[in-house]
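Report on one structure; see the data block that follows.
All values derive from a computational prediction rather than experimental measurement.
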Amino acid sequence: MPGLICCRRASLVLLCLLAVTIAAPALRAQTGVFIDRDGQKHPWSITEHNALIWDGKPYIPFGGMFVSMYLRTKQDKELRDDQQALKLFRSQGVDDLYVNAMWDPPPAVMQKLLDTLEQDGFHYGIQLPVHANTPMVGYRISPTDDQMRFKAPGVAVVAITGAAQAIASKAPAPDEALYVVVNAADGALITSGVAPVDAQGACQIKIDTTKATDVLVKCSPRLVVGNWIAANADHITPWLRGLRFGAGLRFLLDPVGNEYGPPRYFLAASAEARAWVAAFLTKRYGSTDALAKAWGLKPGDLSSFTQAARLVPMIAGPKASPWAHLGYVMDPQTRQVLPVDMTVCRMWLDLSEARDLMLNENLGKVCDQIRRVVDVPVVAKRHYQSNEIWTDRQPTGGLDGLGMESYGTGEELAYFNATATYADVAQSKRPMWCLVTEFNCSHWEDRHIAYQTRQQMYRDFNLLLSQGAKGIFMFGLKLRASEGDNQWTIFELSNDPKQMRWLADFAQAARADTGWLDRSPDMVFVYPTENTDANAFLRSDMPEYGISGNWTGRSALVKLATGKWAAPVYNPTGLKYVLVKPGVLDNPVLSHEREVLRQSGVTPIFADWGQDHEAHIAIADRLTDGFKPVVPVGIHDVAPGVVALTWTSAQYGPVVRLEASGPTEIITLSSQRAHGIEINEDLRPGWRKVELPATLVLPYTTQKKTSFSFGNAGFGVRKTQVFSEIVGANSGGVTLRGVSLSDLKIEVQATQEKPGARPTK
């Protein structure tokens with residue numbers, strides 16, 4: 001019987017995999033024209049495959065972040081040190097970077113660094129010195145915080161989460177809280193009201209009952225969050241107007257702050273926010289009766305959409321309790337408490353969506369205002385979970401690009417912001433530039449600087465490009481965080497310049513044949529997305545129906561098979577493969593999501609992706625052709641001590657670069673193709689023709705041993721570690737064009753140990 005069930009399930013999955021989609025209309029590209037300080041015009045656009053075209057050619061960056069100490073100290077000595085660092089980058093072939101202007105430098109100070117970048121011929125972006133710190137008043141909506149079980153009658157003292165710490169630090173603290181008190185056994189409403197938050201960060205609520213009763217006391221505190229997005233760019237446009245950008249500028253990064261994350265478990269309560277929500281609900285439901293039905297309210301409970309936009313979710317019945325179907329909401333203006341039927345109530349799903357779309361609209365206005373000052377692509381680092389903030393809902397304007405912040409190595413990169421970032425890009429209404437804005441394989445506990453081998457670096461690069469990235473910025477080139485604090489030192493490639501050379505070599509190969517830019521990942525997308533705060537006010541027995549795309553855990557994505565993932569989306573329209581759990585959209589709470597899927601024209605793939613491994617394999621097998629990895633640069637161990645890099649040049653055809661992976665190697669090359677092969681040796685620059693067989697030397701640069709310390713106060717207790725690292729320049733090698741690796745025969749003739757070739761222990 002179990003085997004029969006498995007067969008039926010697999011058959012169902014395979015039938016569902018015959019899904020078809022209605023062709024999506026062509027996306028309208030975002031375009032602009034940047035006018036540099038010399039008056040030269042630089043047109044730019046973004047392709048349907050998420051690449052940036054600049055001056056009619058693809059801009060394919062491979063570089064890293066640069067943190068300038070001069071921007072912090074404003075001392076000429078530091079500027080000279082920064083200039084030396086920039087010369088080091090260029091000497092290793094790196095000509096792409098972005099400057100993290102975290103110190104909020106005055107325009108005159110920033111201009112000196114920009115002039116250096118222009119003089120040295122860099123292509124660069126600027127991470128803007130801004131933070132989304134616009135205050136917004138509202139209510140915390142949480143299923144677990146700000147509540148207690150109490151034996152009434154008496155005075156319940158409810159500790160408001162975070163209030164005491166905020167009061168102690170003189171930060172904005174909750175001043176009052178809405179509250180409801182219900183019978184713990186049957187959910188009957190006992191009392192409700194508004195209580196002040198006292199100096200200790202607690203609400204004292206008097207509860208009168210005629211007999212001893214177990215009650216649940218639930219508060220929703222009124223508080224101020226500092227990470228709201230205002231609908232203007234006044235925080236940055238005056239600074240930008242004070243700068244004169246040259247032809248090297250390519251983009252501006254983080255228009256509302258580094259690693260911005262929107263407020264979760266939060267309901268905005270300003271007059272402007274409530275008006276926005278009322279308009280959102282009017283458009284979605286058309287009538288208050290339709291809205292009341294979707295929210296589980298009784299007919300006649302809602303008099304207007306304005307009233308609906310004021311309602312605050314308070315408490316829902318615990319799972320498996322006699323009143324799991326019951327919940328309560330409050331109107332803070334009238335203090336009226338209304339019961340809701342939680343078996344159908346989608347109130348919080350609507351309110352949280354409205355919140356995120358409001359922030360999305362405001363972000364779009366910020367980007368539009370920035371571009372009116374400096375017309376270059378505006379990019380944000382995508383962080384935390386999937387969110388409608390990061391997708392463009394309009395055919396023009398708004399955010400131009402999204403950056404992966406992906407850390408780790410191998411499959412870790414896919415889980416950590418890479419795959420989910422592309423999913424956010426894929427569902428936008430117009431093409432967005434997709435790139436990697438932060439990336440490093442090291443962890444804090446690692447005792448090495450980024451990559452120890454070129455092979456590992458290139459395999460990770462290829463994985464990120466296979467996830468949709470059209471360029472990579474590493475974290476980082478030089479990261480001088482602050483005076484006497486080297487907490488980022490472990491990530492600096494400038495401590496091991498040969499890794500910058502590896503980066504530059506990959507860039508050269510990836511730019512030699514740009515055919516890979518015209519491909520996009522044929523990814524699977526999970527619908528609907530389930531936010532991390534979706535359970536803030538939802539029926540307690542609601543099954544898991546989606547994933548969040550959160551960078552903090554593997555439950556945020558679905559791994560189908562090696563190299564094949566499924567990531568969440570909010571809108572499936574135009575997507576090829578959309579994965580839906582069987583039966584979840586039959587739940588009345590998800591009535592809107594069911595309608596969105598119907599209108600999208602997509603025939604979904606129904607499979608229990610949460611636990612059905614057989615379904616995963618069936619999906620992965622069906623999509624094998626769609627998941628072709630992007631590998632612009634191949635890397636191969638071809639002989640003892642010899643590594644080969646391979647790529648294709650649009651001008652010269654196949655290219656092979658040979659390098660020593662150990663001490664100096666003497667090799668003999670032979671081939672059936674003995675004519676027309678050109679070779680470039682690092683020690684003898686310039687191309688020359690050779691006849692094979694030929695004997696060549698692959699020099700291995702002498703390296704030295706050094707040590708330094710680092711500490712990081714932001715990750716708990718500060719720790720200082722002293723460790724050793726091999727630091728050295730690029731290994732020498734030879735490059736051949738006009739021959740493929742399969743045509744070559746490589747023999748190691750001898751090995752020569754040079755003094756100092758290997759570091760002493």
Donor-acceptor pair, [X] side chain versus [Y] backbone, under 3.5 Å?
X	Y	answer
N227	G261	yes
W348	D533	yes
T47	A51	yes
S406	L413	yes
Q369	A231	yes
S466	N462	yes
S548	N531	no
D400	V379	no
R594	L585	yes
Y260	R382	no

**Study point:** Derivation of the side chain to side chain contact (heavy atoms under 4.5 Å, CB included) call for L52 and W44
**Key:** CA-CA 7 Å; L52 174 61; W44 60 270; 4.1 Å; yes
Exercise for review: Determine, stepwise, if the pair I605 / V580 fulfils side chain to side chain contact (heavy atoms under 4.5 Å, CB included).
Suggested key: CA-CA 6 Å; I605 303 167; V580 179; over 6 Å; no
Closest approach of [X] to [Y] (non-hydrogen atoms, all atoms of both residues):
X	Y	result
L463	E411	CD1-N, 4.4 Å
L311	P313	O-CD, 3.9 Å
Y422	G468	CD1-CA, 4.0 Å
M404	A469	CE-N, 3.9 Å
W323	G187	CD2-CA, 3.3 Å
Q456	T409	NE2-OG1, 3.1 Å

Check your understanding: Under the side-chain hydrogen bond (donor to acceptor under 3.5 Å, both in side chains) criterion, do N360 and R393 qualify, and how do the steps go?
Key -> CA-CA 8 Å; N360 174 269; R393 297 299 174 192; 5.4 Å; no
Quick check: do [X] and [Y] have side-chain heavy atoms less than 4.5 Å from each other?
X	Y	answer
Y407	E438	yes
L399	W390	yes
Q30	R371	yes
V569	L575	yes
Q394	K429	no
V344	K293	no
F537	P143	no
E405	Y384	no

Atom pair [atom1] ([X]) and [atom2] ([Y]), whose distance is rounded to the nearest 0.5 Å:
X	Y	atom1	atom2	answer
T437	M474	OG1	CE	13.0 Å
Q467	N417	CD	CG	12.0 Å
W565	M523	CH2	CE	8.5 Å
R459	C441	CZ	SG	13.0 Å
Y527	L590	OH	CG	8.5 Å
N362	C367	CG	SG	11.0 Å

Tell me whether the centres of the aromatic rings in [X] and [Y] are closer together than 6.0 Å.
X	Y	value
Y577	F525	no
F439	F461	yes
W433	F251	yes

Flag the pair [X] and [Y] as a salt bridge only when some basic side-chain nitrogen lies within less than 4.0 angstrom of an acidic carboxylate oxygen.
X	Y	value
K298	D301	no
D392	R430	yes
D356	R264	yes

Practice item. Step by step, work out the salt bridge (Lys or Arg N to Asp or Glu O under 4.0 Å) result for R284 and E595. Key: CA-CA 11 Å; R284 172 158 294 183; E595 181 61 17; over 6 Å; no
Practice item. Scan V436, I472, D460 and name whichever one has a side chain to side chain contact (heavy atoms under 4.5 Å, CB included) with L465. Key: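 Passing option: I472.
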Review point. Hey, is CD on E272 packed in by over 12 heavy atoms from elsewhere, all under 6.0 Å?
Key: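 Check fails, neighbour count at 12 or below.
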Exercise for review: Might you work through the side-chain hydrogen bond (donor to acceptor under 3.5 Å, both in side chains) test for Y570 and N387, ending with a clear yes or no?
Suggested key: CA-CA 8 Å; Y570 286 89; N387 194 288; 5.1 Å; no
Exercise for review: List the steps, then state whether side-chain hydrogen bond (donor to acceptor under 3.5 Å, both in side chains) holds for S520 with H49.
Suggested key: CA-CA 6 Å; S520 296; H49 296 290; 2.8 Å; yes
Exercise for review: Walk me through it: do D341 and T343 pass the test side-chain hydrogen bond (donor to acceptor under 3.5 Å, both in side chains)?
Suggested key: CA-CA 6 Å; D341 179 0; T343 63; 2.6 Å; yes
Point to revise | side chain to side chain contact (heavy atoms under 4.5 Å, CB included) between V329 and M347, intermediate numbers included | key: CA-CA 10 Å; V329 301; M347 177 183 184; 3.4 Å; yes
Practice item. Step by step, work out the side chain to side chain contact (heavy atoms under 4.5 Å, CB included) result for W516 and I60. Key: CA-CA 11 Å; W516 63 275; I60 316 170; 3.8 Å; yes
Exercise for review: Kindly confirm or rule out a cation-pi arrangement of R140 over F266, judged by NZ or CZ under 6.0 Å from the six-membered ring centre and within 45° of its axis?
Suggested key: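 Judged by the rule, R140 and F266 form no cation-pi pair.
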Review point. With Q385, which of T532, T529, N550 fulfils side chain to side chain donor-acceptor pair (under 3.5 Å)?
Key: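 It is T532; the other options fail the test.
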